[in-house]
Amino acid sequence: MFYYTPPRNLLNNKIILVTGAGDGIGRTAAKTYAKYGAKVILLGRTIKKLESIYDEINKAEYPRPAIYPMNLEGATPTDYDNLAETISKEFGRLDGLLHNAGILGTLTPIEHYDIKQWYQVMQVNLNAPFMLTRACLGLLKAAPDASIIFTSSSVGRKAKAYWGAYAVSKFGIEGLMQILADELETNTKIRVNSINPGATRTVMRAEAYPGEDVKTVTPPEAIMPLYLYLMGADSAEVNGQAMDAQ
Ligand code: NDP
């Protein structure tokens, strides 16, 4: 487990965009970032779920978040430009970007992998983070010390049979992270890193391991120290690192 004790005001006045904020790890990360002072932009595809986390954050009297419904599977470059434009108008900058949304696809041999599903997984897990990052770079440059966090997986670092498009998309994410970290190292204050959450108790985990006793799986709250560390100023000098939350 990654250990880190954040100061209570770690993310005060930060504007942080979290994708897939309605459920699982993204939901917990959004609430945690708000708890440490951030104004969180909740991006996801199911409005009901976004409203529920929005209410939860308000009820806890953390900074009021913003909701941005968006389906990353069908989003066009114009949709990303519109999102960046909205953030620019509202806040003028972006301090943090957590690419968390993801889909599993099917666990099956490459020989039988459904081609349409391959495209879907690559679109949500890899192409969307690329387009979203590209659209937000101006906003991230406008912040004093911005952090981009990509979400990887153990199979994005060492692949395994049957993990198909999911594993390939996560390898792509690690590549994108390394390229950006290198490109932004010299002339910007933006750092770029990736997190492998490790086995975490969510709908996706249950989908991948249906036979598993969920009580034995780490809850999302337990992996938040790394999510906080990489988002806050204590990681200002950390760039291009592939890190493990557990
Ligand atoms: P969940 O399935 O619980 O949550 C995924 C989130 O992504 C949901 O909020 C979902 O929205 C959102 N999402 C999916 N597709 C889209 C889309 N097309 N547009 C917008 N939002 C979308 O997954 P986890 O919380 O488990 O996973 C979070 C990240 O962590 C993923 O990138 C995953 O690959 C990674 N990961 C998870 C591990 C684990 O053990 N849980 C292990 C290793 C990596 P909605 O709720 O509306 O469906």
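Everything numeric in this text was worked out from a predicted model, so none of it was measured. We count ligands from 1, going down the list as the structure has it; atoms in each ligand are counted the same way.
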Counting non-hydrogen protein atoms only, what is the nearest one to atom 34 (O) of ligand 1? Give residue, atom name and distance. Tyr166 OH, 2.5 Å
Measure the distance from atom 18 (N) of ligand 1 to every protein heavy atom, then report the residue, atom name and distance (to 0.1 Å) of the closest one. Asn71 OD1, 2.9 Å
Where is the nearest protein heavy atom to atom 46 (O) of ligand 1: which residue, which atom, and how far? Lys49 NZ, 2.7 Å
Cation over ring face, Arg157 and Phe171, 6.0 Å, 45°: no
So which protein heavy atom does atom 4 (O) of ligand 1 come closest to, and at what separation? Asp23 O, 4.1 Å
Results of side chain to side chain donor-acceptor pair (under 3.5 Å) for Asp145 - residues two or more places apart only: Lys14
Tell me whether Arg205 has any N or O atom under 3.5 angstrom from an N or O of ligand 1. no
Strictly under 4.0 Å, does any heavy atom of Gln123 approach an atom of ligand 1? no
Qualifying residue for side-chain contact (heavy atoms from CB on, under 4.5 Å) with Leu83, from Leu139, Leu132, Thr78: Leu132
So which protein heavy atom does atom 12 (C) of ligand 1 come closest to, and at what separation? Gly20 CA, 3.7 Å
Quick one, Arg27 with Ser52, criterion side-chain hydrogen bond (donor to acceptor under 3.5 Å, both in side chains). Give me CA distance, side-chain angles, the key distance, then yes/no. CA-CA 10 Å; Arg27 183 185 180 95; Ser52 125; 2.7 Å; yes
What residue and atom, counting heavy atoms only, is the protein's closest point to atom 23 (O) of ligand 1, and at what distance? Met204 CB, 3.5 Å
For ligand 1 and Ser153, I'd like to know whether there is a polar contact (N/O to N/O, distance under 3.5 Å). no
So which atom in Gln246 and which in Thr200 form the shortest heavy-atom distance, rounded to 0.1 Å? NE2-OG1, 3.5 Å
Do any N or O atoms from the side chain of Asn239 and from the backbone of Ala181 form a donor-acceptor pair under 3.5 angstrom? yes
Apply the test side chain to side chain contact (heavy atoms under 4.5 Å, CB included) to residues Leu97 and Phe150: give CA-CA distance (whole Å), side-chain angles for both, the deciding distance (0.1 Å), then the verdict. CA-CA 8 Å; Leu97 173 51; Phe150 288 100; over 6 Å; no
Atoms of ligand 1 less than 4.0 Å from Ile103 heavy atoms? 14 (C), 15 (N)
Out of Gly24, Gly102, Pro69, indicate the one that has the non-hydrogen atom closest to atom 5 (C) of ligand 1. Gly102
Starting from atom 30 (O) of ligand 1, locate the nearest protein heavy atom and write down its residue, its atom name and how far away it is, to 0.1 Å. Thr151 CG2, 3.3 Å
Which one of Ile149, Ile195, Ile148 satisfies the side-chain contact (heavy atoms from CB on, under 4.5 Å) criterion with His99? Ile148
Does Glu207 come within less than 4.0 Å of ligand 1, judged by its heavy atoms? no
Do any N/O atoms on Val124 end up under 3.5 angstrom from N/O atoms on ligand 1? no
How far is atom 38 (C) of ligand 1 from the closest protein heavy atom, and which atom is that? Gly198 O, 4.0 Å
Using a 3.5 Å cut-off on N or O atoms only, is Leu43 in polar contact with ligand 1? no
Considering Thr19, Ile195, Asn196, Asn100 one by one, which has a heavy atom nearer to atom 32 (O) of ligand 1 than any of the others? Asn100
Closest heavy-atom approach to atom 13 (N) of ligand 1 among Gly26, Pro220, Ala101 is made by Ala101
Is Lys116 salt-bridged to Asp114, cutoff N-O under 4.0 Å? no
Answer yes or no: does atom OH of Tyr68 have more than 12 heavy-atom neighbours from other residues, nucleotides or ligands under 6.0 Å? yes
One finds that the ligand 1 atoms under 4.0 Å from a non-hydrogen atom of Thr202 are 3 (O), 24 (P), 25 (O), 26 (O), 41 (N)
